[in-house]
Amino acid sequence: MLKRILNIFGRGKSTSSTGFGFGSEFATPPQYIVQAFNEIVGPISGLEDQEKEAMRNAFVEVSAEGNPRKEEEVCFTFLKDKNWDWPWFNEWNVYFKNSNEWPYLWKELKLDIKEPSFPQNTKESLCLLTVSDMKEILKSKKIKPLPKRREEFEEKLISIVTVDDIKEIIETKILSSREYILERRTKGKIKLLSSTITRFSYTLRDKERFSKVGRMLQRGYKLSLQSSGCAVEDKVAKIESSKGKTPPFFPGDRSHIGLRKARE
C-alpha cells in the first residue's frame, strides 16, 4: 500500500503544493501544465493564437526542469513587448483597490503608488530631487557656501528657485519615475501570470493525486484548503472556497489544497 501511495506522489517526493523544490524530480506532469496554461492564458487578449501556442510549448518545456524562474522567463520573453490585457487580473485589481488590501505577490506591482505629476511649486518638487541634484542646481545659481544637510538644501531651493527654473530636470525625473513604475508593474504582472499557471497546475495535479490516495486508504480522507500565510489571501480563500471553488482564487494566489482525515 505504501509503495503504491509513494508512486502516486512521484517516488515519495513532497506532497505539498507550497513551493515544491527545484529540479526535475519536482516537476508537474505536462498534461496539468497544458490544461492550466490554456485556462489561464486563453482569455488574455493581445496575443495571436500562434503566439499563445508557442508560449505554451516553451512553458511546458521548461516546466519539466521544475524551475519556476525559468517559467517566468518564458512569460517575460513572450509578453514584455506586447500590449496584452488580462481580464481576470483587471477584475481582481478593482477588488483589491476598493478594499485597499494587497496580497503578497501583488505588492511588487506597486499599484498603490501614484504616478508622479508635474509639481505646482518648488516645495512639491523636492521629493523628486536628490541632494546631488539640489547641489548642482544651487551651483548653477552660483550659491556659496553650499548647504551641508538635505533640510538646508531644501530650504535654500524653496527660497530662490522656481519650478520653471528646474523644469527640465523635473521632467526628466518624472519620466524616469514613470518608466520605473511601468517596468515594475510589467514584470510583476508577468510574474503573477506565471505563478498562477504553475499553481493552478499544482491544484489540478493534487486533486487527482489526493483523490486516489483517499480512495486507497478508505478512511474518509478529504481535500482541504491550506493557508498561504497571507491574511489577504486567507480572507479571499475563505470567501471563494465557500462557493465551491478551488485555488488559485485570483491571479497570484498562493492558497493550495491538502489532504486530511475527515472528522468522525
Side-chain angles (χ1 to χ4, degrees), residues 41 44-48 51 55 69-196 232 250-252:
V41 179
I44 290 176
S45 61
L47 284 173
E48 299 293 335
E51 292 175 310
M55 180 177 165
R69 292 193 183 94
K70 290 192 175 182
E71 296 168 356
E72 286 179 26
E73 290 172 4
V74 166
C75 292
F76 188 76
T77 298
F78 279 86
L79 296 172
K80 63 180 179 179
D81 298 321
K82 293 288 185 180
N83 183 23
W84 58 291
D85 186 65
W86 188 6
W88 198 35
F89 170 86
N90 299 339
E91 174 189 341
W92 281 98
N93 186 24
V94 172
Y95 175 89
F96 292 127
K97 277 186 176 180
N98 289 340
S99 66
N100 196 31
E101 294 180 320
W102 303 96
Y104 180 77
L105 290 181
W106 284 63
K107 293 177 182 179
E108 293 189 30
L109 278 73
K110 304 295 184 183
L111 294 173
D112 55 334
I113 297 178
K114 293 183 179 180
E115 293 187 13
S117 55
F118 198 86
Q120 298 298 309
N121 51 57
T122 303
K123 185 176 181 179
E124 290 182 4
S125 72
L126 296 177
C127 62
L128 296 169
L129 302 173
T130 65
V131 170
S132 295
D133 296 328
M134 291 186 277
K135 182 180 294 186
E136 291 304 314
I137 293 169
L138 293 181
K139 282 183 177 180
S140 69
K141 294 287 187 180
K142 302 188 184 306
I143 300 298
K144 291 183 180 181
L146 291 172
K148 295 183 178 180
R149 300 195 305 271
R150 182 178 178 93
E151 307 88 75
E152 295 172 347
F153 274 104
E154 291 178 348
E155 289 176 6
K156 183 65 70 174
L157 252 70
I158 292 172
S159 66
I160 66 172
V161 175
T162 67
V163 169
D164 288 337
D165 292 334
I166 55 176
K167 181 179 180 180
E168 185 175 340
I169 187 173
I170 292 300
E171 288 177 341
T172 300
K173 291 287 185 178
I174 289 176
L175 178 60
S176 177
S177 180
R178 286 176 176 171
E179 289 176 345
Y180 171 75
I181 291 174
L182 178 60
E183 180 182 9
R184 286 294 300 269
R185 288 178 178 172
T186 298
K187 288 183 177 180
K189 189 176 175 183
I190 291 174
K191 183 175 182 178
L192 283 186
L193 177 64
S194 177
S195 173
T196 303
V232 177
F250 58 85

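Please read these numbers as outputs of a predicted model, since none were measured by experiment.
Here the shortest heavy-atom pairing between E51 and E48 reads OE1-N, 2.7 Å. The two residues I181 and P116 come nearest to each other via the heavy atoms CD1-CD, 4.1 Å. Taking each heavy atom of F118 and E171 in turn, the nearest pair found is CE1-CG, 3.8 Å. Scanning all heavy atoms of the two residues, the minimum distance from L192 to T196 falls at O-OG1, 2.6 Å. Scanning all heavy atoms of the two residues, the minimum distance from V163 to P119 falls at CG1-O, 4.0 Å. Summarising the geometry of V232 relative to F96, their closest heavy-atom pair is CG1-CE2, 3.9 Å, with the distance given to 0.1 Å.
Heavy-atom neighbours of Y104 OH from other residues, nucleotides or ligands within 6.0 Å: at or below the threshold of 12. For E168, the CD atom is loosely surrounded, since the number of other residues' heavy atoms within 6.0 Å does not exceed 12.
A ring-centre distance under 6.0 Å is not found for F250 and Y95.
Put simply, the side chain of N93 never gets that close to the backbone of N90: no donor and acceptor are under 3.5 Å apart. Checked by atom type and distance alone, the side chain of W106 pairs as donor or acceptor with a backbone atom of P251 at under 3.5 Å. Judged by distance alone, with hydrogens and angles left aside, the side-chain atoms of S177 form no donor-acceptor pair with the main-chain N or O of I174 at under 3.5 Å. When atom types are taken as modelled, the side chain of T122 and the backbone of V161 share a donor-acceptor pair closer than 3.5 angstrom.
Each of K139, K173, R150 was evaluated against D133; a single residue qualifies, K173, per the salt bridge (Lys or Arg N to Asp or Glu O under 4.0 Å) test.
The line from CD1 of I158 to CG of L126 is 5.0 Å long, rounded to the nearest 0.5 Å.
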- Task: Check the pair I137 / D165 against side chain to side chain contact (heavy atoms under 4.5 Å, CB included), numbers first and verdict last.
- Result: CA-CA 9 Å; I137 293 169; D165 292 334; over 6 Å; no
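With salt bridges taken as basic N to acidic carboxylate O contacts below 4.0 Å, none links R69 and E73. Remark: E152 does not engage K156 in a salt bridge, criterion side-chain N to carboxylate O under 4.0 Å.
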